[in-house]
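To start, the structure under review is shown below, and the notes come after it.
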Amino acid sequence: MLVTKQTNGELDLVQIVQLNVSATDKETVIEQATQLLVENNCVDPAFAQSMKQRETRANTFLGRGIAIPHGIAEDRHLIKQDAVAILQIPQGVEWNPGQTAYMVVAIAAQTDGHITLLQTLTGLLQNDEQLQQLFKTDDEQLIVTSLNNSSEETEENEVLPDFAKKSNGRWIIPMDYTLAQPQNGLKLRVNSIRQFAFVMLIKRLMQKI
């Protein structure tokens, strides 16, 4: 297990990496992720139930073998320190029917420090070769370095200028980016369905919907 802390300006995020995890179902993975977070004094043990409850409300499978379980907004008081527990599951685990996760990034966040990481994960979805390497590597540091380096590049290159802006330290997603009422003649500026899906993901994680 590798534990690091990324601190940069307002960002203060504990990153925990566990390789070669074996699990028969996503509930077991969530419990293992919670245990890692608890051992590092990031969450209360009850956070496991919060993540499981989230699974009943929304699909946290991001795609291409990555799942991002996280708790519900009402349980943020269970979080002691913003953190992510990254579990590599080489054999994979069924997240939902037809969806297999090989890397699970469990998110515990009271602030927006994880948003850049989510941008990075979305960028990784475009690089299957790098993903496959991370799914099989025996180098914990490679996973941390890949995520952090990609995060810096994402911020520098402003990958999402059309979707989000930062105001007072918080990412703001325009509420008119939604397909809930297509009869309103919505005009989207997104470049792909994947990017639109990311916008919806961020809105959901930030409890903007």
Side-chain angles (χ1 to χ4, degrees), residues 1-6 13-72 75 78-109 113-114 117-151 197 201 204-205:
M1 179 176 66
L2 175 67
V3 181
T4 64
K5 190 167 186 178
Q6 186 182 11
L13 185 71
V14 173
Q15 298 172 322
I16 309 164
V17 180
Q18 182 71 63
L19 301 181
N20 296 314
V21 172
S22 177
T24 57
D25 51 51
K26 68 178 179 181
E27 287 76 17
T28 302
V29 176
I30 287 174
E31 291 168 1
Q32 292 177 334
T34 302
Q35 185 60 36
L36 292 175
L37 293 168
V38 169
E39 289 174 357
N40 288 278
N41 199 35
C42 297
V43 302
D44 185 276
F47 193 66
Q49 185 57 40
S50 183
M51 286 198 285
K52 291 178 182 179
Q53 188 171 352
R54 168 66 70 184
E55 293 298 318
T56 68
R57 301 184 182 185
N59 183 1
T60 62
F61 187 78
L62 189 60
R64 295 289 184 88
I66 298 178
I68 51 170
H70 50 284
I72 59 178
D75 291 337
L78 298 174
I79 301 171
K80 303 176 183 179
Q81 160 74 57
D82 283 10
V84 292
I86 305 167
L87 285 71
Q88 179 207 62
I89 311 172
Q91 302 305 315
V93 63
E94 183 179 66
W95 205 252
N96 292 304
Q99 298 175 334
T100 301
Y102 297 94
M103 187 164 73
V104 173
V105 182
I107 301 170
H114 63 295
L117 176 62
L118 288 172
Q119 289 178 255
T120 299
L121 289 172
T122 304
L124 285 175
L125 294 179
Q126 313 297 326
N127 190 333
D128 188 65
E129 181 178 351
Q130 186 176 9
L131 275 181
Q132 294 305 316
Q133 182 181 19
L134 297 181
F135 293 163
K136 300 174 182 177
T137 184
D138 58 2
D139 184 356
E140 298 157 324
Q141 188 61 51
L142 176 62
I143 293 179
V144 172
T145 300
S146 297
L147 292 178
N148 291 341
N149 286 349
S150 296
S151 295
L201 169 65
R204 185 173 73 243
L205 291 178

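Nothing here was measured: the structure is a model prediction, and the numbers come from that model.
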[X] versus [Y], closest heavy-atom pair with distance:
{"X": "T100", "Y": "G92", "answer": "CG2-CA, 3.8 Å"}
{"X": "A106", "Y": "M51", "answer": "CB-SD, 4.1 Å"}
{"X": "A101", "Y": "A67", "answer": "CB-CB, 4.1 Å"}
{"X": "A83", "Y": "C42", "answer": "CB-SG, 3.6 Å"}

side-chain hydrogen bond (donor to acceptor under 3.5 Å, both in side chains) with [X]: which residues, sequence neighbours excluded?
{"X": "N40", "result": "none"}
{"X": "K5", "result": "D12"}
{"X": "Q49", "result": "none"}
{"X": "E39", "result": "Q35"}

For the atom pair [atom1] ([X]) and [atom2] ([Y]), what is the distance rounded to the nearest 0.5 Å?
{"X": "I72", "Y": "Q53", "atom1": "CD1", "atom2": "CD", "result": "3.5 Å"}
{"X": "I66", "Y": "Q99", "atom1": "CD1", "atom2": "CD", "result": "13.0 Å"}
{"X": "T60", "Y": "I107", "atom1": "OG1", "atom2": "CD1", "result": "9.0 Å"}
{"X": "R54", "Y": "I30", "atom1": "CZ", "atom2": "CD1", "result": "11.5 Å"}
{"X": "L142", "Y": "Q133", "atom1": "CG", "atom2": "CD", "result": "5.0 Å"}
{"X": "F47", "Y": "I79", "atom1": "CZ", "atom2": "CD1", "result": "4.5 Å"}

Got [X] and [Y] here, is their nearest side-chain heavy-atom distance under 4.5 Å?
{"X": "Q32", "Y": "L36", "answer": "no"}
{"X": "P90", "Y": "K136", "answer": "no"}
{"X": "M103", "Y": "I86", "answer": "yes"}

So, does [X] use its side chain to make a donor-acceptor pair with the main chain of [Y] at under 3.5 Å?
{"X": "T137", "Y": "L134", "value": "no"}
{"X": "T34", "Y": "P45", "value": "no"}
{"X": "Q81", "Y": "N41", "value": "no"}

List the residues meeting side chain to side chain contact (heavy atoms under 4.5 Å, CB included) with [X], not counting sequence neighbours, and say none if there are none.
{"X": "V144", "result": "L2, T4, Q15, V17, Q141, N148"}
{"X": "D44", "result": "A46, L78"}
{"X": "E31", "result": "K52"}

Residue list, salt bridge (charged side-chain N to carboxylate O under 4.0 Å, His left out) with [X], at least two apart or on another chain:
{"X": "K80", "value": "none"}
{"X": "E94", "value": "none"}
{"X": "E55", "value": "K26"}

Margin query: With side-chain contact (heavy atoms from CB on, under 4.5 Å) as the test, pick out the partner of V21 among I89, V104, V93.
Written below: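 In the set I89, V104, V93, the residue that makes a side-chain contact (heavy atoms from CB on, under 4.5 Å) with V21 is I89.
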Pair listing, side-chain hydrogen bond (donor to acceptor under 3.5 Å, both in side chains) test, anchored in residues 16-25, at least two apart: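 Of all non-adjacent pairs touching residues 16-25, those that pass side-chain hydrogen bond (donor to acceptor under 3.5 Å, both in side chains) are D25-T28.
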* Qualifying ring pair (Phe, Tyr, Trp, His ring centres under 6.0 Å) pairs, either residue in residues 86-108, two or more places apart ->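 Pairs touching residues 86-108 that pass the test: Y102-F135.
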